[in-house]
Amino acid sequence: MCGRFALSKLPAELLEEFEIHTGQSASQLPLLPADWNITPTRTIYLVRNDSKNQRELATASWGMIAGWSKDRESALKSQSQAINARSESIAEKPTFRSAFRNRRCLIPADGYYEWATELGPYSPKQPFYISSEKWESGRTSLAFAGIWDRWISPEGEIVDSAAIITRPAVGFLATVHSRMPTFLPKERWDAWLDRTNQDCDEATAMMKLDMPDHGLRAIPVASLVNSIRNNGPELITPIELGEPQTLF
DNA sequence: CCAGACGTTGTT
DNA sequence: GTCTGG
DNA sequence: CCAGACGTTGTT
DNA sequence: GTCTGG
């Protein structure tokens, strides 16, 4: 799945990489600090289409706040339980289905973290950092498939929130963890973001890739990332992994 | 009809 | 808001 | 996702 | 053990 990730890019870089050529000015966008330990409920960048169906860069809080939340407390409570949406059931779940039809987005990331569980050959809680194998050559971001929603607080505050779509892990990623984020390659972005396309079946088809783990690599990293108090580029420094640890 | 849930992951 | 369970 | 809390009363 | 906060 995906419960922690990294993003160090500036708005101007994201506008270029995500091909947002609709006149949005980077200087007018919120500047989020580089963050190698982004946690649920924090503010993240989204790529989505605006009401005129023009691609834009926006920000939102990570974790879906259901539109019917009555107060801030219940909104926050539900949000931290909806940081991911299963691709297998997203079209039916009450919390997600309308966003899946009408408010799809991309969530940019340098990379994300996965903690190896007992399913894999590693000790529990061994973190891995997964990113594009082209990061060093071109600072290539990952594009998570996501959905977003808008909640109006009782005080009238507009709060946008978003969830990352997950799927069963495949290939080498399955050796680390049983779930993985759903990625979308560049050639699918247009159709995915198109707000005139409100067909669940088509959206579901867009998430199906021949090689969902294509172009990715996973590296073991120190457990520094485990604590949300730690941050910085050192969190993604590769470490040597000894023999897989077993319980005696 | 009203009340209560509405989510994921991992672990058991 | 909308569906499910009682 | 992991880490850290997990409680009340009264007083400031 | 389970929930909350970040």
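Any value given below was found using the heavy atoms of this structure, including those in side chains, with hydrogens, waters and symmetry copies removed. Chain letters run A, B, ... following the sequence lines, proteins first and then strands; every chain starts at 1.
- In this structure, A:Arg229 places its CZ atom 17 Å from P of E:dG5, rounding to the nearest Å.
- Below the 3.5 angstrom threshold, one finds a donor paired with an acceptor across the side chain of A:Trp68 and the base of B:dC6.
- At a threshold of 4.0 Å, the pair A:Asp190-A:Arg55 counts as salt-bridged, since one of the basic side-chain nitrogens sits closer than that to a carboxylate oxygen.
- If you check residues 84-97 of chain A against DNA chain D, you find no residue with a heavy atom closer than 4.0 Å.
- Whole-Å rounding puts the A:Asn226 CG to D:dG4 C1' distance at 13 Å.
- Distance, A:Tyr113 OH to E:dG6 C1': 15 Å, rounded to whole Å.
- For A:Arg42 and A:Trp62, the positive end is not near the middle of the six-membered ring at less than 6.0 Å and at most 45° from its axis.
- Remark: the separation of the C1' atoms in B:dG4 and E:dG6 is 28 Å, to the nearest Å.
- Atom CD in A:Gln79 sits roughly 13 Å away from atom C1' in E:dT4 (whole-Å rounding).
- Using Watson-Crick or G-U wobble geometry with both donor-acceptor distances under 3.5 Å, D:dG7 finds no partner in any strand shown.
- The existence of a salt bridge linking A:Arg97 and A:Glu92 is excluded, since no basic side-chain nitrogen approaches an acidic carboxylate oxygen closer than 4.0 Å.
- In this model, a donor atom of one side chain and an acceptor atom of the other lie less than 3.5 Å apart for A:Thr166 and A:Arg179.
- Separation of atoms CZ (A:Phe172) and CE (A:Met180) is listed at 8.0 Å; rounding is to 0.5 Å.
- Between A:Lys77 and E:dC3 there is no side-chain N or O to OP1 or OP2 distance below 4.0 Å.
- Across the C1' atoms, B:dT8 and E:dT2 are found 16 Å apart, a figure rounded to whole Å.
- Of all non-hydrogen atoms in A:Cys2 and A:Phe144, the two that sit nearest each other are SG-CZ, 3.9 Å.
- The C1' atoms of B:dC6 and D:dA3 are separated by 27 Å, rounded to the nearest whole Å.
- Atoms CZ (A:Arg4) and P (D:dA3) sit 7 Å apart, rounded to a whole Å.
- To the nearest whole angstrom, the two C1' atoms, one in B:dT9 and one in D:dC2, are 12 Å apart.
- Salt bridge status for A:Glu114 with A:Arg4: absent, with no side-chain N to carboxylate O gap under 4.0 Å.
- In this entry the distance linking NZ of A:Lys70 with C1' of B:dG4 reads 11 Å, nearest Å.
- Residue contacts for A:Thr166: at a heavy-atom cut-off of 4.0 Å it reaches the sugar-phosphate backbone alone, with no base atom in range.
- When the C1' atom of D:dC2 is taken as reference, atom CG of A:Leu224 falls 13 Å away, rounded to whole Å.
- Of the nucleotides present, E:dG5 is the one that pairs with D:dC2 by Watson-Crick or G-U wobble criteria, both distances under 3.5 Å.
- Looking at A:Thr22 and A:Gln24, their side chains never bring a donor and an acceptor atom within 3.5 Å of each other.
- Contact annotation: A:Arg42 side-chain N/O to E:dG5 OP1/OP2 distance is not under 4.0 Å.
- Residue A:Ser80 has no polar side-chain atom (N or O) positioned under 4.0 Å from OP1 or OP2 of E:dG6.
- In this structure, the CD1 atom of A:Ile65 is 14 Å from the C1' atom of E:dG6, given to the nearest Å.
- Taking every side-chain heavy atom of A:Pro40 into account, E:dG6 is the closest of B:dT9, D:dA3, E:dG6.
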